[in-house]
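Heads up, the thing below is written out as structure tokens.
Each chain gets a letter, A, B and so on, in the order the sequences are listed, and its residues count up from 1.
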Protein chains: 2
Amino acid sequence: MATGRTHRPATRSRGIPEATVARLPLYLRALTALSERSVPTVSSEELAAAAGVNSAKLRKDFSYLGSYGTRGVGYDVEYLVYQISRELGLTQDWPVVIVGIGNLGAALANYGGFASRGFRVAALIDADPAMAGKPVAGIPVQHTDDLEKIIEDNGVSIGVIATPAGAAQQVCDRLVAAGVTSILNFAPTVLNVPDGVDVRKVDLSIELQILAFHEQRKAGEEAAATEGTGAVPAVRDESGDKGPDGDVPAVMPA
Amino acid sequence: MATGRTHRPATRSRGIPEATVARLPLYLRALTALSERSVPTVSSEELAAAAGVNSAKLRKDFSYLGSYGTRGVGYDVEYLVYQISRELGLTQDWPVVIVGIGNLGAALANYGGFASRGFRVAALIDADPAMAGKPVAGIPVQHTDDLEKIIEDNGVSIGVIATPAGAAQQVCDRLVAAGVTSILNFAPTVLNVPDGVDVRKVDLSIELQILAFHEQRKAGEEAAATEGTGAVPAVRDESGDKGPDGDVPAVMPA
DNA sequence: GAGTGTGAACAAATTCACAGCC
DNA sequence: GGCTGTGAATTTGTTCACACTC
């Protein structure tokens, strides 16, 4: 299924900004909710509020896809759902394998958001022989030995890694060698992959650390450095915000 | 810039770029691994490779924290671990509550990365009375009714929401009312919070959709005889990284 | 009048490239 | 010679504001 190479459709400038791509799923979710409530049209203002962004950004984002709205009216919900789905490649079915069926892998297997969005859990794979054959979310777990065959038989191009950190790179290598070109990595480790393979990572601990950074800053702004004992709940006030600049101990070892 | 010792770097506190903050945990993880191997110093080049970023970016990031390296030598691993930990607020202990102990909540409760990074699971909360008292990851689940009391008694300022989408906003409101000012949201929904409360979200389905977008693009590009044969040892990955660029069908129904 | 679509202004983040120090 | 630290250049992303269409 090719397209003319060296010749662009030119309908709209291809090259949708990465930041926009990352927001399309957000819009899609909001639109799907509207669709289920049979709302026929929506303005950029309303949709932006539902998606948690501002309307200028939303209109700009949509402008990269094309002119799908009607001035003075807004956007047709169904039509926009279709356009965004198509742009994201969700009008086709993506078989996905999940490797590592521990607590997290099981949670992912049970996650409903998959099926409803064009993704299908094609297989669950785990290294523990005791898991083999046991159904999780209605799908029997298969052993890692068969990884390559499973990937090939199902034409899988997207893999999810939910193994312990120590196994992740090895699993990744095997997935890539078997033909997977997109990986969602939940293991807290950096994966090395060849060019042409996309990796996205989700790291719990990183998200918490970012929150802690901001939390610390809030705490440092209202009360001075009063740490140690107490562990004050410190229900924020957040009025004047922006203190001059919190000052931290500045201890310097060594 | 500024000073090196006896005087804290004046550039701190005030305006560390958000993008930099988001990478600090990555550096910290790489540094911790080096520390465990008793590596004394590391260059920006080496550390960058371990963290999966490029060295110029890493040096720039560190420059916002202060001048913690030594020209011609590199960075002292232990010292840097300490500085980044302090900057992120990880030298103190953050009690965290997890609300919604389904598959995902249980996975989070069992996640080891918590304790090792200054976070402590103070309580698990679920709305199902049948769960109450049952231990998950060694911690007894408590009922939602006691949410406010739990938050207050433990001085919790960080909450993790792992409930179904329908319950998330309500749980969020109660957490915030009880004093929580940072929320990590796993439910696929937009949370409304007052000013002063930080929300970060992790959405599985969104990550997959972004991968699908790139995957689709790759598929539509099969024509160019990209690089040579197999085995390309390229060492590089990046979340949200994108390959060269291709084109997509871009059909446009009238 | 209402609300999209978009150039132009602005801001944030990344990369370059090299001076400065060990 | 090796490596950090950082201004300057560049790229990417956001916001403004208004012409234009329905």
Side-chain angles (χ1 to χ4, degrees), chain A residues 11-24 26-27 31 34 39-77 79-80 83-84 210, chain B residues 1-5 9-12 14-24 26-27 31 34 39-77 79-80 83-84 210 236 238-245 252:
Chain A
T11 305
R12 270 293 90 186
S13 53
R14 284 305 105 171
I16 298 177
E18 196 51 39
T20 294
V21 172
R23 281 187 295 266
L24 292 180
L26 230 50
Y27 302 142
L31 284 164
L34 291 172
V39 176
T41 60
V42 66
S43 69
S44 63
E45 201 71 52
E46 293 163 332
L47 183 54
V53 304
N54 74 55
S55 64
K57 198 185 284 183
L58 177 145
R59 287 201 302 280
K60 190 64 149 182
D61 284 341
F62 286 178
S63 81
Y64 294 117
L65 307 184
S67 295
Y68 295 149
T70 305
R71 294 172 201 234
V73 177
Y75 301 91
D76 180 277
V77 172
Y79 184 49
L80 204 44
Q83 289 298 344
I84 295 178
I210 295 170
Chain B
M1 70 140 47
T3 92
R5 68 284 183 95
T11 30
R12 205 211 299 83
R14 224 342 209 230
I16 295 178
E18 197 48 42
T20 294
V21 172
R23 280 187 296 266
L24 292 180
L26 231 49
Y27 301 143
L31 284 164
L34 291 171
V39 176
T41 61
V42 66
S43 69
S44 63
E45 200 70 53
E46 293 163 332
L47 183 53
V53 305
N54 74 55
S55 65
K57 197 185 286 184
L58 177 144
R59 288 201 303 278
K60 191 64 153 182
D61 285 341
F62 286 178
S63 80
Y64 294 117
L65 308 183
S67 294
Y68 296 147
T70 306
R71 293 171 202 239
V73 177
Y75 300 90
D76 180 277
V77 172
Y79 184 50
L80 205 44
Q83 289 298 345
I84 295 179
I210 295 170
R236 117 179 209 299
E238 184 42 67
S239 218
D241 176 46
K242 24 93 83 97
D245 142 316
M252 179 156 165

N/O to N/O distances under 3.5 Å, protein versus nucleotides 1-4 of chain D:
unit_1, atom_1, unit_2, atom_2, d
D/dG2, N2, B/G72, N, 3.4
D/dC3, O4', B/G72, N, 3.1
D/dC3, O2, B/G72, N, 3.4
D/dT4, OP1, B/S44, N, 2.5
D/dT4, OP2, B/S44, OG, 2.5
D/dT4, O2, B/R71, NH1, 3.1

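- Listed pair A/N54 / D/dT15 meets the phosphate criterion, a side-chain N or O lying under 4.0 Å from OP1 or OP2.
- Aromatic rings of B/Y68 and B/Y79 (six-membered ring for Trp) have centroids within the 6.0 Å cut-off, being under it.
- For the pair B/L80 CG and D/dG5 C1', the computed distance is 14 Å after rounding to whole Å.
- Rounded to whole angstrom, the span from the CZ atom of B/F62 across to the C1' atom of C/dT15 amounts to 17 Å.
- Contact record, A/G69 with A/Y75: CA-CD2, 3.4 Å, taken as the closest heavy-atom pair.
- Rounded to whole Å, the distance from CD1 on B/I16 to P on C/dA13 is 12 Å.
- Using a 4.5 Å heavy-atom threshold, the side chains of A/T41 and A/T70 count as separate.
- Side chain of B/K60, nearest nucleotide from D/dG7, C/dG5, C/dC16: D/dG7.
- Annotation: side chain of A/K60 is not in contact with side chain of A/T20 (no heavy-atom distance under 4.5 Å).
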Could you tabulate the donor-acceptor pairs under 3.5 Å formed by side-chain atoms of residues 44-55 of chain B, not counting sequence neighbours?
unit_1, atom_1, unit_2, atom_2, d
B/S44, OG, B/R59, NH1, 3.2
B/E45, OE1, B/S55, OG, 3.4
B/E46, OE1, B/S43, N, 2.9
B/E46, OE1, B/S43, OG, 3.4
B/N54, OD1, B/A56, N, 3.1
B/N54, OD1, B/K57, N, 3.0

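- Separating the CG atom of A/L58 from the P atom of D/dT14 is a distance of 12 Å, rounded to the nearest angstrom.
- Contact check, B/K57 against C/dT15: a side-chain N or O comes under 4.0 Å of OP1 or OP2.
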Let me see the working for A/R23 and A/L58 under side chain to side chain contact (heavy atoms under 4.5 Å, CB included), right down to the final yes or no.
CA-CA 9 Å; A/R23 281 187 295 266; A/L58 177 145; over 6 Å; no
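- Protein atom CG of B/D61 is 10 Å distant from nucleotide atom P of C/dA13, rounded to whole Å.
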